[in-house]
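Okay, structure first, notes after.
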Amino acid sequence: MSLNQVFTLLSRISASSVLIPIITSLFFFKAFNSQLKALFIYLVVCLVTEISGEACIYLEQDNYAIYNTFTLIETILVFYIYYKEFNLTKYNYLFLIVPLAILIYGGMRFSLVRSNNLTSSIEAISLSICALLYFYKVFVDMTIPKLTSYYFFWINSAFLLYFLSPFFISLFENIIRNSHSPVLNYLWVIYLFITVLFNIVVTVGICKIKRN
Amino acid sequence: MQNQTQLALFIAVGCLVMFLLVMVIIVFVVTYQRKMLEKENKIAIIQQEQQLLFFKATVEAEEKQKERIANNLHDSVNPMLTLLKLNLSKHRMAFEKNKFNSDAYKGDAKMIDQVIESIRATCRELIPSFLLEFGLILSLEDHIKKISGEVLSTEVKNELPPEFNLTLDKQEQLLVYRICLELINNLIKHSGLTKLTMLLKQDTSFFYVQLFYDGNGISNEEIEKLTETSKGLGLRSLKARVLILQGQLTYEKNKPLSSIKLTLPLKL
């Protein structure tokens, strides 16, 4: 099996792994609140993006527009999920201002022919900060008796891993792309592995939701 | 070649960062659970201490009551009985000498009535006879009516259904009665109230006694602080009694009327 074939196979596994949390969600859907419904929509958007991206490659079309749009939708949905979880009274407006700023910036830099790396980097940093702040809040509040039994701990861990990964990749992507090296594939393997890990950890989180 | 080395370095750094991130999350969970265990232990110790304090307050209140009864018997009943004993021997001697004084005898008979009344008063203090005879609701209503006067106007609003059946035994009813009396006494002593309304009501699982009053109100936080800092037994024994009944006292400070709500679970 050539390196390209391995890469394609891993890409397919990574893309279809999003089906695991989606199918699991269907079993728990009755117990979903608005936050979890947003997560479900996010997972469906991920699946649609993967399928559309693959379709564009098959049709030999550029898929940058799809991924750039996905970044913007992702910003709205994930910030909403964190907004619901933090439930702040004092700094709630930050969950409106930050995604709005990212959306405006992303909209201005929106392109059909190239990847919007800077926007996804800013988005990844902001959401990584959200994830870290959540851990800080949990540690200060100390209100969850068993952390591993609480669904959002897993979802937050998944987001932390997932957003730090593309942040690193997008940070070095231009250098890597310019190098035209086959080693680039290995870097994407890490990203694909993280995506699978993200979907598994999110599934664990969904399984921790108490059904009514 | 240099680019390839650079890329390999990026991948290595990427892997390392991810590995560290997973490790950080694991360490976080372990630290959190350890801290949570410490917190739970602390709470358990505090609860134990509080229970001990409540128990001490209850025992002290009982001792104080015994002391009061002993003083009552010693200071009023005992001298009267001693005097009666002395007078009886005087009457016997007078009778033997045919000098019996019927007026003095009648005076002593009155003294016996006083002794009986004094013992009755002590018994009433222990368990109000009215409560035993008519139950908690009527006793509370009677007490509220009794304290009404020129300075204080009182009212009872009984919203309990006619078929209401208080599922408390006599001992528990006595506790509720004492709680209400203590609350009313505290209000009279400290709030400077001129108007007091007692509301009795129930829902599917709780029985409520709510006291509405004007004057200086007190909030839950303030009463909590006062209970902790106060050297007296009143507030602590009040808390202990409510705890025994598995009830709850809620203090609300409002204008023009503040309130104290006693919530008791109904046994089904």
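Residue numbers begin at 1 in each chain, while the letters A, B, ... track the order of the sequences. Only this structure's heavy atoms are used, side chains among them; waters, hydrogens and symmetry mates stay out.
- Here the side chains of A:V138 and B:F28 are in contact, with some heavy-atom distance below 4.5 Å.
- In the displayed structure, A:F139 atom CZ is contacted under 6.0 Å by more than 12 heavy atoms of other residues, nucleotides or ligands.
- With a threshold of 4.5 angstrom between heavy atoms, A:F153 approaches chain B through side-chain atoms but not through N, CA, C or O.
- Atom CD1 of B:I25 is separated from atom CG of A:L147 by 10.5 Å, given to the nearest 0.5 angstrom.
- Around OH of A:Y105, the count of heavy atoms belonging to other residues, nucleotides or ligands within 6.0 Å exceeds 12.
- Each of B:E40, B:K35, B:E38 was evaluated against A:M142; a single residue qualifies, B:K35, per the side chain to side chain contact (heavy atoms under 4.5 Å, CB included) test.
- From A:L160, atom CG reaches atom CG of B:L21 across 4.5 Å, with rounding to the nearest 0.5 Å.
- Heavy-atom contacts from other residues, nucleotides or ligands closer than 6.0 Å to NZ of A:K137 number more than 12.
- Only the side chain of B:K39 comes within less than 4.5 Å of a heavy atom in chain A; its backbone stays farther off.
- Annotation for B:Y251: atom OH counts as buried by contact number, over 12 foreign heavy atoms lying within 6.0 Å.
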